[in-house]
Amino acid sequence: MPELPEMEHYKLVLEKRVINKPISEVLINRPKSVNLDTSLFEKKLKGQEIEAIERRAKFLAFHLKNKEVLLLHLMLGGKLYYGTEETSPDHEKQVILDFGDNALFFIGLRLGYLHLLTQNELEKEWANLGPEPLSPNFTETDFLDRLKQKRGKLKAVLVDQSFVAGIGNRYSDEINFAAALSPKREVSGLASNEVSSLFSALRQVLTHAIEAGGYLDLPVFEGDVLTGGAERTMKVHRRAGHPCPRCGATIIEEKITSKKTSFCPNCQH
DNA sequence: AGGGCAACCCGGACGC
DNA sequence: TGCGTCCGGGTTGCCC
């Protein structure tokens with residue numbers, strides 16, 4: 001569920017808090033969430049420091065001093081919290097990294113995971129990801145070139161991680177709305193001005209969502225008032241039955257290539 | 001090659 | 001404030 005803006009938000013919050021602090025304890029409550037034998041995982045991590053946090057698509061990579069990497073994917077319903085045991089939310093924590101004064105809690109890792117990898121293994125994991133949509137290197141020309149090679153419906157293409165990385169069900173709805181394009185459109189039939197709208201919508205929606213703190217409902221630390229702000233900026237996603245903020249028609253929800261999709265049937269063409 | 005679907009998993013929503 | 005059932009969601013992989 002967390003998508004690019006939510007993971008970027010976690011990165012921004014956490015890199016102010018966990019960088020260069022030794023990990024004093026590691027607690028694994030759910031062995032399936034990690035990729036090594038729990039005692040080995042704990043042993044390898046204990047005493048290590050996180051040197052940098054990198055986000056790629058919906059992943060966070062915690063780069064360790066010893067050049068190994070903790071790779072996190074939250075999948076469905078995964079969340080993070082940084083603070084003390086007392087202030088932490090009353091949810092099951094599958095993995096806890098303790099930094100002494102505060103700890104990083106990995107919550108709701110059901111399908112999600114935290115894997116300790118080498119740099120090479122990390123590269124393999126990321127080999128099939130498309131470009132980062134907010135990278136300054138990613139231009140409208142790149143976008144157009146990639147789009148030319150794709151077929152299928154706009155909805156399916158936007159959530160395809162090998163096309164552009166980091167967009168999921170929620171933001172694909174918002175991007176299509178911002179571009180005033182129907183999620184059912186075949187991408188091969190898009191006119192060049194429509195591709196332009198789509199490209200700027202993509203950047204604008206994701207950028208604004210990051211600025212608003214993402215949509216996740218759980219504060220990341222005590223006193224956190226920013227997280228979740230993007231929920232209020234949703235124009236169509238999961239708003240079926242409400243009036244379209246652009247034209248006033250009723251927003252609908254339909255399954256498009258097996259994805260629940262919200263859109264305005266009147267002003268998205 | 002694109003679309004459909006099952007598997008992974010379990011918190012939360014819903015029905016009673 | 002109970003108990004069972006079902007669903008959702010990203011990703012992978014397998015089918016047609």
Side-chain angles (χ1 to χ4, degrees), chain A residues 1-10 28-35 55-61 71-81 88-95 105-115 117 121-133 145-176 182-190 202 206 209 214-219 228 230-231 234 236-241 253-263:
Chain A
M1 289 150 89
E3 303 177 29
L4 185 154
E6 287 68 43
M7 298 312 284
E8 184 69 20
H9 178 62
Y10 278 139
I28 298 164
N29 294 320
R30 184 177 181 275
K32 283 177 93 168
S33 296
V34 301
N35 62 329
R55 184 198 55 75
R56 177 85 170 95
K58 303 171 190 171
F59 292 93
L60 281 192
L71 179 66
L72 172 71
H73 198 302
L74 292 175
M75 295 286 259
L76 315 173
K79 287 165 190 179
L80 300 178
Y81 181 80
S88 71
D90 186 21
H91 291 123
E92 195 161 338
K93 292 112 183 176
Q94 284 76 21
V95 182
F105 299 90
F106 296 83
I107 300 161
L109 288 191
R110 323 206 281 282
L111 299 181
Y113 52 86
L114 188 64
H115 286 177
L117 305 174
E121 288 167 332
L122 178 68
E123 277 175 38
K124 269 187 215 156
E125 290 281 335
W126 286 357
N128 295 324
L129 291 174
E132 280 297 319
D145 288 345
R146 294 185 73 78
L147 208 49
K148 277 184 193 157
Q149 295 162 27
K150 291 296 285 187
R151 262 171 285 179
K153 294 189 167 58
L154 192 46
K155 178 71 183 183
V157 170
L158 283 180
V159 299
D160 180 347
Q161 299 301 295
S162 70
F163 173 64
V164 167
I167 300 168
N169 200 26
R170 172 180 294 254
Y171 289 106
S172 61
D173 281 351
E174 293 300 311
I175 290 165
N176 284 328
S182 164
K184 297 192 229 183
R185 286 285 294 279
E186 284 292 324
V187 290
S188 55
L190 292 175
L202 190 142
L206 296 177
Y215 73 80
L216 292 171
D217 50 5
L218 192 69
E231 182 62 47
M234 294 295 144
V236 288
H237 182 70
R238 298 240 124 203
R239 295 189 52 76
E253 185 178 271
E254 263 180 44
K255 270 209 167 184
I256 299 174
T257 62
S258 56
K259 293 248 161 228
K260 264 195 181 176
T261 306
S262 309
F263 62 103

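Order of the sequence lines sets the chain letters (A, B, ...), proteins ahead of strands, with each chain counted from 1.
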Among [options], find the nucleotide with the atom closest to the side chain of [X].
| X | options | value |
| --- | --- | --- |
| A:S258 | C:dG10, B:dC10, B:dC5 | B:dC5 |
| A:K58 | C:dG8, B:dG3, C:dG10 | C:dG10 |
| A:E92 | B:dG11, C:dG8, B:dC9 | B:dG11 |
| A:K32 | B:dC8, B:dC5, B:dG3 | B:dC8 |

Begin from the C-alpha positions of A:F105 and A:V95 and carry the test side-chain contact (heavy atoms from CB on, under 4.5 Å) through to its verdict. CA-CA 6 Å; A:F105 299 90; A:V95 182; over 6 Å; no
Whole-Å distance between [N] [atom2] and [X] [atom1]?
| X | N | atom1 | atom2 | answer |
| --- | --- | --- | --- | --- |
| A:I256 | B:dG2 | CD1 | C1' | 15 Å |
| A:E6 | C:dG10 | CD | P | 11 Å |
| A:M75 | B:dC10 | CE | P | 13 Å |
| A:E186 | B:dG3 | CD | P | 6 Å |
| A:I107 | B:dC10 | CD1 | C1' | 15 Å |
| A:D160 | C:dT12 | CG | C1' | 13 Å |
| A:L158 | C:dT11 | CG | P | 14 Å |
| A:L72 | C:dT11 | CG | P | 12 Å |

[N] phosphate, OP1 or OP2: any side-chain N/O from [X] under 4.0 angstrom?
| X | N | value |
| --- | --- | --- |
| A:R151 | B:dG3 | no |
| A:H73 | C:dT11 | yes |
| A:H91 | B:dG12 | yes |
| A:K153 | B:dG2 | no |
| A:K259 | C:dG10 | yes |
| A:Q161 | C:dT11 | yes |

So, does A:Q161 use its side chain to make a donor-acceptor pair with the main chain of A:V159 at under 3.5 Å?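 Checked: pair present.
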Indicate yes or no for a side-chain donor-acceptor contact from A:E3 to the backbone of A:G168 under 3.5 Å, with no hydrogens or angles considered. yes
Between B:dG12 and B:dC16, how far apart are the two P atoms, rounded to whole Å? 22 Å
Report which part of the nucleic acid A:R170 touches: base, sugar-phosphate, or nothing (heavy-atom distance under 4.0 Å, all strands).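 Nothing, no nucleic acid heavy atom in range.
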Practice task
Using side-chain hydrogen bond (donor to acceptor under 3.5 Å, both in side chains) as the criterion, point out the one residue from A:K259, A:R238, A:R239, A:K155 that pairs with A:D173.
Solution key: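 Exactly one candidate clears the test, A:K155.
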Check your understanding: Can a salt bridge be assigned to the pair A:K260 and A:E254 using a cut-off of 4.0 Å between side-chain N and carboxylate O?
Key ->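 Salt bridge between A:K260 and A:E254, a charged N being under 4.0 Å from a carboxylate O: no.
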